[in-house]
Amino acid sequence: MPTAANRVATFGTTIFTEINDLAARHRAINLGQGKPDFDGPSAVVAAAVRALQSGQHNQYAPGPGLPALKQGIATHAAAHYNLDIDPDAGVIITAGATEAVFASVLGLVDPGDEVIVIEPFFDSYVPNIIMANARPVYVPLHPPDWTFDPDELRQAFSARTRALILNTPHNPTGRVFTLEEMILIAELCIEYDVTVIADEVYEHLVFDSARHIPMAALPGMFERTVTIGSLGKSFSVTGWKVGWVYGCPELVAGAARAHQFITFAVNHPAQEAAAFALSLPGTYFEELQAMYAAKRALIMQGLTAAGLKARAPEGTYFVMADFSDVFDGDDIEFAQHLTEKIGVACIPPSPFYSPEHAHIARKQARFAFCKSDDLLKQAGEKLAKLRGQPV
Ligand code: GLN
């Protein structure tokens with residue numbers, strides 16, 4: 001009997017699909033997957049409609065991406081981070097950031113190489129590394145502050161280390177890595193000649209005094225970093241699946257070679273609209289941050305009132321909460337209980353860990369707050385029921 005390949009034999013259904021199904025079955029308020037329940041800016045949607053109707057943009061876009069969008073990404077990197085990106089050779093457009101990470105791993109890592117991943121990690125990283133026949137090496141973040149132990153980080157590096165995948169602002173913990181943490185990572189990458197695949201898709205979702213620091217902007221890092229960005233996160237259009245890789249042309253060329261044979265080219269009308277989106281004034285990002293700061297306050301209030309120990313995220317639209325005061329089981333059991341009995345869906349973080357470290361998140365749940373204020377308030381009311389229940 002023909003069977004599926006061994007390469008994918010260990011891959012289960014993603015936790016996002018599982019929780020979406022569970023939430024739908026129980027008609028729960030879904031604070032699981034990071035998917036806004038509101039639309040992107042109407043001017044950006046209108047730009048997509050114009051592109052669809054122009055009669056000019058319904059055939060293949062250039063494989064590496066639309067020149068106007070690549071220029072927009074280079075201009076954005078210069079304006080926000082003072083990075084000098086070649087809009088032609090230093091940028092490619094991908095089918096979302098998920099493809100950007102995969103193309104980068106395939107294009108920059110050889111079979112047998114080791115790739116360092118920080119736990120909890122976004123769930124596609126490790127399958128990407130496995131599909132590249134490379135080996136993941138794990139460095140856990142430790143609650144409640146979700147910091148790494150510098151010695152554990154140092155021990156993960158060896159002569160076999162080819163790359164490190166860094167996600168800041170960090171999903172699912174909401175950490176924004178500090179300059180000190182970034183410099184330690186950078187120094188080790190320089191010492192061991194390691195490439196950084198920097199997933200910075202939540203770059204504009206930072207709160208209070210937190211500042212996003214791009215890895216590529218640190219001394220000595222530009223030539224060893226590819227940076228990944230996402231239209232979906234910054235413009236609330238996750239369904240368009242438009243992402244990108246930018247950085248020094250030698251490394252971007254590796255990702256570009258892989259990208260040609262993964263998706264070839266990305267949705268053309270969406271790229272036209274993405275170029276328009278990136279031309280919006282910088283005040284757009286300030287308004288986005290203010291909107292999310294208010295949503296963060298709402299979810300924090302709901303979680304705290306329900307007896308969960310939630311850590312206010314410095315970035316992203318996720319919050320991690322420790323439920324040990326209100327529920328006795330593990331994170332998977334809690335997510336099931338919360339969805340089925342309380343009517344709110346969340347993501348259990350253990351699938352974002354290697355089996356040896358999954359215990360770290362045993363008492364944690366991730367809540368997405370990229371939802372209408374009304375829905376967040378309703379979720380808060382439902383969560384309050386947790387308090388009255390026996391632990
Ligand atoms: N980034 C989103 C999240 O973490 C999910 C994306 C996906 O489902 N692949 O919730």
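In each ligand, atom 1 is the first atom listed, and ligand 1 is the first ligand listed.
- Under the 3.5 Å distance criterion, the side-chain polar atoms of Glu200 are matched with a main-chain donor or acceptor of Met215.
- Contact annotation for Ile347 and ligand 1: no heavy atom of the residue comes within less than 4.0 Å of the ligand.
- Remark: ligand 1 atoms within the under-4.0 Å shell around heavy atoms of Phe318 are 3 (C), 4 (O), 10 (O).
- Nearest non-hydrogen protein atom to atom 7 (C) of ligand 1 is Gln33 NE2, 3.7 Å.
- Nearest protein heavy-atom neighbour of atom 6 (C) of ligand 1: Phe122 CZ, 3.7 Å.
- Using a 30° and 60° split on the angle between ring planes, Phe235 and Tyr284 fall in the parallel class, below 30°.
- Counting heavy atoms closer than 4.0 Å to ligand 1, residue Tyr317 contributes nothing at all.
- In the vicinity of Tyr202, heavy-atom distances shorter than 4.0 Å reach the ligand 1 atoms 1 (N).
- Although no hydrogens or angles enter the test, the distance criterion places no donor-acceptor pair under 3.5 Å between the side chain of Lys377 and the main chain of Ile299.
- Going from atom NE2 of His337 over to atom CG of Leu386 covers 5.5 Å, rounded to the nearest 0.5 Å.
- Remark: the backbone N or O of Gln59 is paired with a side-chain donor or acceptor of His268 at under 3.5 angstrom.
- For Thr98, the closest heavy-atom approach to ligand 1 does not fall below 4.0 Å.
- A heavy-atom separation below 4.0 Å is found between Arg366 and ligand 1.
- Any N or O atom pair closer than 3.5 Å counts here, and Gly34 shares at least one such pair with ligand 1.
- Using a 4.0 Å cutoff on heavy atoms, Phe352 does not count as a contact of ligand 1.
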Donor-acceptor pairs under 3.5 Å, side chain of residues 87-98 to any protein atom, not counting sequence neighbours: which ones?
residue : atom : partner : partner atom : Å
Thr94   : OG1  : Gly96   : O            : 2.9
Thr94   : OG1  : Gly243  : O            : 3.3
Thr94   : OG1  : Trp244  : N            : 3.4

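- The side-chain contact (heavy atoms from CB on, under 4.5 Å) test applied to Ser350 returns Asp331, Ile332, Ala358, not counting sequence neighbours.
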